[in-house]
A.B. asks: 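One structure is given below, represented as structure tokens, and several questions about it will come after.
Only this structure's heavy atoms are used, side chains among them; waters, hydrogens and symmetry mates stay out. In the text below, chain A, chain B and the rest are named by the order of the sequence lines, each starting its count at 1. Here the structure is a predicted model, which is why all the values come from computation and not from measurement.
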Amino acid sequence: MDMSESARSGSEAQQRYNPAEIEPKWQARWDADERLYAAEGHDSGKPKFYCLEMLPYPSGQLHMGHVRNYAIGDALARFMWMRGYNVLHPMGWDAFGLPAENAALKNNTPPAEWTLANIAAMRRQMRRMGLSYDWATEVTTCLPDYYRWNQWFFLKMYQRGLAYRKKSKVNWCPECQTVLANEQVIDGKCWRHEDTVVEQRDLTQWFLRITQYADELLSGLDTLEGWPEKVRTMQRNWIGRSEGTAVDFAVDGAAEKITVFTTRVDTIFGATSVQLAPEHPVARSFAACDPALAGKIEEMIAQQKAAREAGDMGAIEKHGVATGRFAINPYNGERVPIWVANYILADYGTGAIMSVPAHDERDFEFAGKYGLPVRRVIVPKDGANGAGDLPYTAEEDSVLVDSGQWTGESCVAAQQAMSAFAEANGFGTATVTYRLKDWGVSRQRYWGTPIPMVYCEKGHAGIEPGGIVPVPESALPIVLPAQVEITQQGGSPLGRVASFVNTTCPVCGGAARRETDTMDTFVDSSWYFYRYTDSKNSAEAFSSDKANYWFPIDQYIGGVEHAILHLIYSRFWTKVMRDLGMIRNDEPAARLFTQGMVIKDGAKMSKSKGNVVSPDDMIARYGADATRMYALFAAPPDRDLEWQEEGVAGVSRFLSRVHRLTMKYSESAGQRVSESATNAGTGSAEQALLRKLHQTITKITMDFSGRWHFNTCIAAIMELVNAIVASEPQMDSGEVPAAVAAELFRNLTLMLAPFAPFLAAELWETMGGEGAVFRVSWPVADEGLARENEVEIPVQSNGKLVTVVKVPAGSDEATIKAAALADAKVVARLEGKTVVKVIVVPGKLVNLVVK
RNA sequence: GCGGGUGUGGCCAAAAUGGCAAAGGCGGCUGGCUUAGAACCAGCAGAUUGGGAGUUCGAAUCUCCCCACCCGCACCA
């Protein structure tokens with residue numbers, strides 16, 4: 001009652017919290033100050049901190065996933081500034097890609113225009129959110145000053161044999177009208193069109209030799225301790241390294257041979273057939289003189305295609321057909337039948353296997369179905385001969401039987417010995433196979449980086465007619481023509497631009513045609529974070545000095561959906577740049593954080609589900625501070641977050657409470673704290689408040705350095721504010737001195753700054769604080785003030801609470817025990833019983849074990 | 001099938017190393033202020049932590065089994 005009166009009788013300073021007023025005011029000031037969020041030079045004397053969020057595709061609209069991602073990064077960047085770091089916090093645009101072409105078709109707007117307008121709109125939204133980006137370092141991947149370096153890298157890779165062209169079976173998305181990399185095919189569907197089945201086509205395409213780095217990409221994962229284990233596991237699986245042996249089987253009565261890949265060469269004496277993929281060349285050659293077989297193989301291929309299109313490869317039953325031909329096992333000269341089977345993958349290993357039913361689940365099943373013999377050649381070391389059920393797949397503590405000269409050896413030893421034997425006798429070799437394939441980067445699209453290659457029509461010395469000639473570096477960038485008719489069919493749109501296609505050979509000066517495919521947009525995002533360190537450089541992609549200062553990224557933040565695609569390409573690119581001598585780091589990011597999804601009504605927000613919440617609406621209704629703070633408060637950042645508008649309203653209410661309190665006490669809060677608060681009086685209310693304050697500082701500081709449970713940080717701030725509210729009478733009466741109030745509100749504002757920067761800036765100014773609030777030093781907890789001087793010790797009897805006794809903080813075991821046993825309730829409880837044992841945990845509890 | 005994650009009041013969620021039957025928010029309820037509502041303010045109620053067993057003086061926390069949901073990978077030789 002006093003309170004509302006004083007609130008009403010208060011001055012203008014007592015206005016209500018109105019984010020619609022204070023946020024634009026601060027935004028205007030921040031926008032006008034280019035140096036505000038600028039990183040300092042290498043000589044700043046401060047430790048560096050590179051805080052990075054994944055750059056968005058400029059669709060034109062920020063969504064809640066972005067808001068969450070950027071709220072996390074922004075809180076961290078501001079905190080690190082307050083901790084005295086030199087922070088690089090950039091933002092950019094992953095601006096090439098198909099949506100711009102689709103929009104062009106739909107609205108008849110050129111992709112460039114559409115994209116740049118979207119970027120402007122989203123930049124505006126980011127500024128409205130108060131995100132602390134250094135816009136001077138902004139990178140836009142669709143501009144020639146950026147993509148010329150894609151071209152430059154491509155040339156470097158070509159020189160080193162890392163970029164090459166080959167004809168192969170590729171994934172084709174009929175919707176995108178372009179090929180896709182393996183990583184971009186999800187369950188047989190396009191990563192952008194989850195209902196579109198990806199087809200297989202034979203095309204000549206450009207590839208980047210990522211497999212050359214397969215081993216390093218794999219072993220490097222072990223060094224990435226700051227990455228989520230989940231992501232590392234996903235990448236390990238994706239790379240799919242597998243050690244084994246390639247063994248040549250001669251085809252009986254023919255010159256051909258079949259090379260099989262096996263990880264269990266030790267079981268080869270148990271091989272009872274050889275199985276070929278339907279597409280295997282030897283299968284084809286058999287089919288050529290066997291129409292019945294040819295028919296069956298065609299059927300198999302057709303069935304597989306149908307299954308893939310139905311997205312249901314698992315449902316297809318394993319089946320095969322005997323070719324009537326035989327292969328010779330080179331270890332024992334045995335003739336085994338050659339089959340063609342639908343479950344053998346043409347593009348893994350050699351597309352052919354030896355089938356060992358006794359020691360492989362799948363071979364066992366297949367042999368059972370077709371009555372192929374099962375021959376046991378491995379037994380447990382200590383078990384009786386032939387003991388145990390088949391298939392027997394263990395390798396540990398197992399030995400070979402019926403395996404010629406290797407009989408009696410352990411599996412592991414035999415694998416090595418038998419590989420060596422094959423090598424020595426010229427019919428095999430130890431081999432490593434990867435699931436990872438080279439990265440197909442050609443796209444038959446317009447809106448991407450032109451591949452800097454031409455085809456010399458007549459050819460010249462060393463180049464056959466139509467041969468590949470790289471464009472010289474001095475001719476870069478190859479600029480994307482502006483006037484292009486975008487259509488949905490008929491190959492790359494660039495192919496129809498005569499002025500682009502027709503050129504001259506840079507070597508012989510004769511007629512030449514330009515490559516009309518463009519690069520996969522994942523090329524753009526593979527190295528953009530290096531460009532941030534030197535985004536205006538027109539002489540090189542970036543200066544090594546600058547990159548070496550800022551890299552590795554100290555914290556990278558983004559969605560887990562990029563665990564394979566973007567994050568494996570980026571790691572590859574980093575290693576290539578290192579080998580080019582441009583950087584020293586082996587990995588792009590020391591720490592990676594993958595935030596959870598934003599969910600609404602139990603499902604991921606999506607237009608098709610109609611459950612999208614617009615950030616603009618939220619900001620208009622509750623303000624940017626409340627919106628972003630809610631995104632941090634509603635769940636730990638790594639978990640999925642259910643968007644509940646009432647929750648945003650709750651955060652908004654909390655902020656207005658902070659505003660009201662700070663305004664009410666702003667005069668005292670504005671006083672310089674002339675004497676150290678540790679010398680303040682000893683009133684219990686003020687002590688309690690100061691204790692709470694310093695406990696809160698400790699907690700938040702800890703959370704920022706470790707696990708980032710911002711939800712609990714914010715909850716802790718709420719607790720502090722609740723405690724202040726509860727002590728309002730004491731503050732009004734002066735029982736809590738003004739100096740203490742000043743200490744409280746000053747620190748409250750500082751702690752709020754990473755989460756609600758607009759309000760923090762406003763309150764800081766009101767209190768007469770100097771400079772930008774997020775460049776003030778982060779508060780340091782005073783342990784003496786945080787410590788309780790008296791602690792409550794629960795006393796249990798057999799684990800059940802009996803009472804609570806108060807003892808001075810730091811009391812020793814004996815004191816606590818004595819206090820507990822002296823308590824009236826305890827005495828009553830113990831009547832007629834025997835205390836068997838007393839457990840005292842100093843500072844924690846007392847547990848009496850009684851009978 | 002394999003790998004990873006999650007399960008705490010009506011809802012979102014918190015609880016280093018096991019230690020007061022469990023923070024904070026939303027929602028609900030009561031009261032104040034209001035012509036009334038909104039907003040605001042004061043206060044209240046509400047959970048034996050998916051199920052079961054075990055270890056322990058003591059378990060949301062450790063172990064084992066089971067259930068549910070989610071996310072990766074999936075005929076990889």
A.B. asks: Can you tell me the Watson-Crick or wobble partner of B/U8, both distances under 3.5 angstrom?
C.D. replies: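 None - no nucleotide pairs with B/U8, as no candidate has both distances under 3.5 Å.
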
A.B. asks: With rounding to whole Å, what would you report as the distance between B/C44 and B/U49 at their C1' atoms?
C.D. replies: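 It comes out at 24 Å once rounded to the nearest Å.
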
A.B. asks: Ignoring hydrogens and angles, does a donor from either the side chain of A/K318 or the base of B/C75 sit under 3.5 Å from an acceptor on the other?
C.D. replies: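 Pair found.
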
A.B. asks: Using the side-chain heavy atoms of A/P794, tell me which of these nucleotides is nearest: B/C12, B/C20, B/C75.
C.D. replies: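 So the side chain of A/P794 is nearest to B/C20.
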
A.B. asks: With nearest nucleotide decided by heavy atoms, which residue, A/M234 or A/D360, maps closer to the 5′ end of RNA chain B?
C.D. replies: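 Closer to the 5' end of RNA chain B: A/M234.
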
A.B. asks: Just checking A/V838: base, sugar-phosphate only, or nothing, at a heavy-atom cut-off of under 4.0 Å?
C.D. replies: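 No contact at all - A/V838 keeps every heavy atom at 4.0 Å or more from the nucleic acid.
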
A.B. asks: Tell me the partner of B/U56, counting only Watson-Crick (N1-N3 plus N6-O4 or O6-N4) or G-U wobble (N1-O2 and O6-N3) with both under 3.5 Å; none if nothing fits.
C.D. replies: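 B/U56 is unpaired by these criteria.
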
A.B. asks: Just checking A/L848: base, sugar-phosphate only, or nothing, at a heavy-atom cut-off of under 4.0 Å?
C.D. replies: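 If one applies the 4.0 Å heavy-atom cut-off, A/L848 turns out to touch nothing in the nucleic acid.
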
A.B. asks: Expressed as a whole number of Å, how far does the C1' atom of B/A38 sit from that of B/G32?
C.D. replies: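 The same atom, C1', in both gives a distance of 16 Å.
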
A.B. asks: On a whole-Å scale, what distance lies between the C1' atoms belonging to B/G51 and B/A13?
C.D. replies: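 Between the two C1' atoms, the distance is 22 Å.
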
A.B. asks: What's A/G240 touching, base or sugar-phosphate or nothing? Going by heavy atoms closer than 4.0 Å.
C.D. replies: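 No contact at all - A/G240 keeps every heavy atom at 4.0 Å or more from the nucleic acid.
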
A.B. asks: Which residue in the set A/F704, A/F633, A/F654 passes ring-ring contact (aromatic ring centres under 6.0 Å, His included) when paired with A/F755?
C.D. replies: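 Going through A/F704, A/F633, A/F654 one by one, the ring-ring contact (aromatic ring centres under 6.0 Å, His included) with A/F755 is satisfied by A/F704 alone.
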
A.B. asks: Does a donor on one side chain sit under 3.5 Å from an acceptor on the other, for A/E395 and A/Q415?
C.D. replies: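 Looking only at side-chain atoms, A/Q415 and A/E395 do form a donor-acceptor pair, the distance falling under 3.5 Å.
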
A.B. asks: Does A/E225 pair with A/R232 as a salt bridge, N-O distance under 4.0 Å?
C.D. replies: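 Between A/R232 and A/E225 there is no salt bridge, as every charged N stays at least 4.0 Å from the carboxylate O atoms.
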
A.B. asks: Does a donor on one side chain and an acceptor on the other come within less than 3.5 Å for A/N171 and A/Q200?
C.D. replies: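 The answer is yes; a qualifying pair exists.
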
A.B. asks: Would you call the rings of A/F261 and A/Y348 parallel, tilted or perpendicular, where under 30° means parallel and over 60° means perpendicular?
C.D. replies: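 A/F261 vs A/Y348 ring planes: perpendicular.
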
A.B. asks: Among A/T245, A/T429, A/T431, exactly one meets side-chain hydrogen bond (donor to acceptor under 3.5 Å, both in side chains) together with A/S419. Which residue is that?
C.D. replies: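 When A/T245, A/T429, A/T431 are each tested with A/S419, the side-chain hydrogen bond (donor to acceptor under 3.5 Å, both in side chains) holds only for A/T245.
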
A.B. asks: At under 4.0 Å between heavy atoms, what does A/D640 touch on the DNA or RNA strands: base, sugar-phosphate, or nothing?
C.D. replies: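 The answer is sugar-phosphate, as A/D640 gets under 4.0 Å only of primed atoms, P, OP1 or OP2.
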
A.B. asks: Looking at A/R639, I'd like to know whether one of its side-chain N or O atoms comes within less than 4.0 Å of OP1 or OP2 on B/C70.
C.D. replies: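 No, A/R639 has no side-chain N/O under 4.0 Å of OP1/OP2 on B/C70.
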
A.B. asks: Please report the distance, rounded to the nearest Å, between CZ in A/R236 and C1' in B/G4.
C.D. replies: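 Taking atom C1' of B/G4 as the reference, CZ of A/R236 is at 13 Å.
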
A.B. asks: Please give the distance between the P atoms of B/C69 and B/U61 as a whole number of Å.
C.D. replies: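 It works out to 23 Å between them.
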
A.B. asks: Between B/C57 and B/C76, how far apart are the P atoms? Round to whole Å, please.
C.D. replies: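 Here B/C76 and B/C57 have their P atoms 49 Å from each other.
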
A.B. asks: When rounded to the nearest Å, what value does the distance between P atoms of B/C70 and B/C12 take?
C.D. replies: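 Per the computed distance, 15 Å lies between those P atoms.
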
A.B. asks: Judged by each residue's nearest nucleotide on RNA chain B, which is more toward the 5′ side, A/A352 or A/V725?
C.D. replies: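 Closest to the 5' end, via its nearest nucleotide, is A/V725.
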
A.B. asks: Base, sugar-phosphate or nothing for A/N722? Non-hydrogen atoms, less than 4.0 Å.
C.D. replies: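 Sugar-phosphate, no base atom in range.
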
A.B. asks: In whole angstrom, give the distance that lies between atom CZ of A/R621 and atom C1' of B/A39.
C.D. replies: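 From A/R621 CZ to B/A39 C1': 16 Å.
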
A.B. asks: For B/C20 versus B/A15, give the span between their P atoms, rounded off to a whole number of Å.
C.D. replies: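 Each nucleotide's P atom is 14 Å from the other's.
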
A.B. asks: Any side-chain N or O of A/S242 less than 4.0 Å from the OP1 or OP2 oxygen of B/A77?
C.D. replies: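 True: A/S242 side-chain N/O within range (under 4.0 Å) of B/A77 OP1/OP2.
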
A.B. asks: For A/R362 and B/A74, what is the distance between atoms CZ and C1' respectively, to the nearest whole Å?
C.D. replies: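 Nearest whole value for this atom pair: 12 Å.
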
A.B. asks: Should A/R362 and A/E365 count as an ion pair when the cut-off is N to O under 4.0 Å?
C.D. replies: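 A/E365 and A/R362: not salt-bridged.
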
A.B. asks: Quick one: A/E645 CD to B/G25 C1', roughly how many Å, whole number?
C.D. replies: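 My rounded result for the distance is 15 Å.
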
A.B. asks: Any strand is fair game: report the nucleotide pairing with B/U35 by Watson-Crick or G-U wobble, both distances under 3.5 Å, or none.
C.D. replies: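 B/U35 is unpaired by these criteria.
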
A.B. asks: May I ask you to evaluate whether A/H709 reaches the phosphate of B/A15, defined as a side-chain N or O under 4.0 Å from OP1 or OP2?
C.D. replies: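 Answer yes for this pair, as a side-chain N or O of A/H709 is under 4.0 Å from OP1 or OP2.
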
A.B. asks: Choose from B/A23, B/A77, B/C12 the nucleotide whose nearest atom is closest to any side-chain atom of A/E719.
C.D. replies: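 Closest nucleotide to the A/E719 side chain: B/A23.
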
A.B. asks: Using a strict cut-off of less than 4.0 Å between a Lys/Arg side-chain nitrogen and an Asp/Glu carboxylate oxygen, indicate whether A/D363 and A/K318 qualify as a salt bridge.
C.D. replies: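 So A/D363 does not pair with A/K318 through a salt bridge.
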
A.B. asks: Is any side-chain N or O of A/R435 closer than 4.0 Å to OP1 or OP2 of B/C75?
C.D. replies: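 No, outside the criterion.
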
A.B. asks: Between B/G24 atom C1' and A/F755 atom CZ, what is the distance in whole Å?
C.D. replies: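 Rounding to the nearest Å, CZ of A/F755 and C1' of B/G24 are 14 Å apart.
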
A.B. asks: Can you tell me the base-pairing partner of B/A42? Count Watson-Crick or G-U wobble geometry only, both distances below 3.5 Å, and say none if there is no partner.
C.D. replies: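 Paired with B/A42, as far as the under-3.5 Å criterion goes, is B/U30.
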
A.B. asks: In the strands shown, is B/G1 matched to any nucleotide by a Watson-Crick or G-U wobble pair with both distances under 3.5 Å, and which?
C.D. replies: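 B/C73 is the nucleotide pairing with B/G1.
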
A.B. asks: If I take atom CZ in residue A/F249 and atom P in nucleotide B/A77, what distance separates them, rounded to the nearest angstrom?
C.D. replies: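 After rounding, the gap between these two atoms is 17 Å.
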
A.B. asks: If you check the A/F633 side chain, which of B/G24, B/C71, B/A77 turns out closest?
C.D. replies: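 My answer, after comparing the listed nucleotides, is B/G24.
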
A.B. asks: Check whether the side chains of A/Y370 and A/S273 place a donor and an acceptor atom closer than 3.5 Å, and report yes or no.
C.D. replies: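 Looking only at side-chain atoms, A/S273 and A/Y370 do not form any donor-acceptor pair under 3.5 Å.
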
A.B. asks: How far does the C1' atom of B/G3 sit from the matching atom of B/C62, given to the nearest Å?
C.D. replies: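 My reading of the C1' atoms in B/G3 and B/C62 gives 23 Å.
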
A.B. asks: Which of the following nucleotides, B/A15, B/A13, B/C41, is nearest to the side chain of A/A635?
C.D. replies: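 When the side chain of A/A635 is considered, B/A13 is the closest of B/A15, B/A13, B/C41.
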
A.B. asks: Within this structure, what is the CZ-to-P distance between A/R653 and B/A38, rounded to whole angstrom?
C.D. replies: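 Roughly 12 Å, once rounded to whole Å.
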
A.B. asks: What's the closest nucleotide to the side chain of A/M718 if the choices are B/C75, B/G24, B/C26?
C.D. replies: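 Minimum distance to the A/M718 side chain belongs to B/G24.
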
A.B. asks: When you measure from the side chain of A/Q644, which nucleotide among B/G19, B/C75, B/C11 comes out closest?
C.D. replies: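 Nearest listed nucleotide: B/C11.
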
A.B. asks: Could you check how far CZ of A/R657 sits from C1' of B/G25, rounded to whole Å?
C.D. replies: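 Interatomic distance, CZ of A/R657 to C1' of B/G25: 10 Å.
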
A.B. asks: Tell me what A/V849 touches on the nucleic acid: a base, only sugar-phosphate, or nothing, going by heavy atoms under 4.0 Å.
C.D. replies: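 The residue A/V849 makes sugar-phosphate contact but no base contact.
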
A.B. asks: What contact category does A/N847 fall into here, base, sugar-phosphate, or nothing, at under 4.0 angstrom with non-hydrogen atoms?
C.D. replies: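 Base contact.
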
